[in-house]
Amino acid sequence: MFSLASVADAIRTILIQRDVEAPTMTAKGFNPLNQYKPIARSAGYNKLFQQRAQENAEVYLRKANGSISLNDFDSLRVIFDITAPSNGTINLIIYPYHSQILALFEETGLWPIFAEWKRLLINEISVARKRHSHINIKLYDFSGYSRYNCERIPSLGDRESATNWYWEAGHFKKALGDIVLARILNISTPLALTADGSMDGFLSQFGFELDESNLNDNEERIRQERSLCMRDYPELFTETRALVAAVRSKN
């Protein structure tokens, strides 16, 4: 069907073939977030992180007195039931948020809800295993304060420094995505290099395989990682606390 809109879309499609920073999605469904590149160059990564942190703080404060919606668990149950007969492995991951988001969870009061959501997820997996005796479900928790999650955010006004793992706190880069895939698919891969060039030995801990038997161990892992993150990057916590206080004062 011919229309001006379809012509405009066709022209735009041709034009973006030459634009390496145009928003796009690969055939496998991967969005490389090319549109972040010019923003990072012109304003710096700090601007990306802080703008998203401001938005998140406003949303999290509104949700802090709410409760967990169980609708998503209904959808997950359907997925388990559909895939169980295939005898394949279902790999679930808890998102590798940058530690700025976890610090926001703490300051806005969402942390207990996040912890409860993990417990509900583990329980749903346990129920699925009882319902389907041969189902193989693995759950990996990539949340925490590891050396990846706790990546330092470039300073305000710094337009030269680039992050290795994150565009901003809610979107990680392909480099970190490859490490996540290597972990859950058990692919042998060289250990990632940290920004200073030293070998990072945290790959074995990044992506904790979680079930009902080791929930307390996982919580202890996160506590220990948080202590290290606070020791090495205390301003992440102080700046997040100040941001949330400023948002609260406006509401």
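All values reported here derive from a predicted model rather than from experimental measurement.
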Quiz item: So, the side chain of N214 versus the backbone of E209: is there a donor-acceptor pair under 3.5 Å, distance only?
Solution: yes
Exercise. Assess whether side-chain contact (heavy atoms from CB on, under 4.5 Å) is satisfied between R221 and N218, documenting all intermediate values.
Key: CA-CA 5 Å; R221 168 190 68 86; N218 189 47; 2.8 Å; yes
Quiz item: Short question: side chain of R159, backbone of A43 - any donor-acceptor pair under 3.5 Å?
Solution: no
Practice problem: Identify whether F49 and L156 are in the same connected component of the hydrophobic contact network (ILVMFWY, side-chain heavy atoms under 4.5 Å). | Solution: no
Quiz item: How long is the gap from CG on L243 to CG on L104, to the nearest 0.5 Å?
Solution: 6.5 Å
Exercise. Could you grab the distance from atom NZ of K174 to atom CH2 of W165, nearest 0.5 Å is fine?
Key: 11.5 Å
Exercise. Following the transitive rule for hydrophobic clusters with a side-chain heavy-atom cut-off under 4.5 Å over Ile, Leu, Val, Met, Phe, Trp and Tyr, establish whether F206 and L185 coincide in one cluster.
Key: yes
Quiz item: For the atom pair CZ (R183) and CG (D178), what is the distance rounded to the nearest 0.5 Å?
Solution: 16.0 Å
Quiz item: Between F105 and Y60, does a ring-ring contact (aromatic ring centres under 6.0 Å, His included) hold up when you go through it step by step?
Solution: CA-CA 7 Å; F105 283 176; Y60 296 169; 5.3 Å; yes
Exercise. Side-chain contact test, heavy atoms from C-beta onward, threshold under 4.5 Å: evaluate it for K138 versus I90 and give yes or no.
Key: no
Self-check item: Reported CG-to-OG1 distance for the pair L48 and T163, which is rounded to 0.5 angstrom
Solution: 8.5 Å
Quiz item: Quick one: does Y148's side chain get under 4.5 Å of V180's, heavy atoms only?
Solution: no
Quiz item: Can you hop from I79 to L92 via hydrophobic side chains spaced under 4.5 Å?
Solution: no
Practice problem: Could you tell me whether E168 and K173 have a side-chain N and a carboxylate O separated by less than 4.0 Å? | Solution: no
Practice problem: Measure across N164 and A175 and return the closest heavy-atom pair with its distance rounded to 0.1 Å. | Solution: O-CB, 3.9 Å
Quiz item: Which pairs with one or both residues in residues 115-130 pass side-chain hydrogen bond (donor to acceptor under 3.5 Å, both in side chains), sequence neighbours excluded?
Solution: R77-E124, E116-R119, K118-D141, K118-S143, S126-E212
Quiz item: If you measure from CG on L120 to CD1 on I125, what distance do you get to the nearest 0.5 Å?
Solution: 11.5 Å
Quiz item: Quick one: are L121 and L139 in side-chain contact, heavy atoms under 4.5 Å?
Solution: yes
Quiz item: Can you check whether Y145 reaches I222 side chain to side chain, under 4.5 Å on heavy atoms?
Solution: yes
Quiz item: With distance as the sole criterion, is a donor-acceptor pair present between the side chains of D72 and S75 under 3.5 Å?
Solution: no
Practice problem: Could you tell me whether R62 and E58 have a side-chain N and a carboxylate O separated by less than 4.0 Å? | Solution: no
Quiz item: Do R131 and D81 have side chains that get closer than 4.5 Å, going by heavy atoms?
Solution: yes
Quiz item: If we only count heavy atoms from C-beta on, is the F142 to N149 side-chain gap below 4.5 Å?
Solution: no
Quiz prompt | Least distance between heavy atoms, V247 atom then A57 atom | solution = CG2-CB, 4.0 Å
Self-check item: Nearest-0.5 Å distance, CG of residue N56 to OG1 of residue T108
Solution: 9.5 Å
Quiz item: Do the side chains of I122 and L70 join up, straight or via other hydrophobic residues, at under 4.5 Å, putting them in one cluster?
Solution: yes
Exercise. Kindly work out whether a path of hydrophobic side-chain contacts (I/L/V/M/F/W/Y, heavy atoms less than 4.5 Å apart) joins F73 to V127.
Key: no
Self-check item: Atom of F114, atom of I94 and distance for their closest heavy-atom approach
Solution: CZ-CG2, 4.1 Å
Self-check item: Y45 vs W167 side-chain heavy atoms within contact, under 4.5 Å
Solution: yes
Quiz item: Tell me, which pairs form a side-chain hydrogen bond (donor to acceptor under 3.5 Å, both in side chains) where one or both residues lie in residues 86-97, sequence neighbours left out?
Solution: T89-N136
Quiz item: How are the rings of H98 and Y166 set to each other: parallel, tilted or perpendicular (split at 30° and 60°)?
Solution: perpendicular
Donor-acceptor pairs under 3.5 angstrom involving side-chain atoms of residues 228-236: please list them, not counting sequence neighbours.
unit_1: Y233; atom_1: OH; unit_2: I153; atom_2: N; d: 3.0
unit_1: E235; atom_1: OE2; unit_2: R152; atom_2: NH1; d: 2.5

Quiz item: Can you find a heavy atom in the side chain of Q50 that is under 4.5 Å from one in the side chain of Q100?
Solution: yes
Quiz prompt | Smallest separation among heavy atoms of A246 and S249, with atom names | solution = O-OG, 2.6 Å
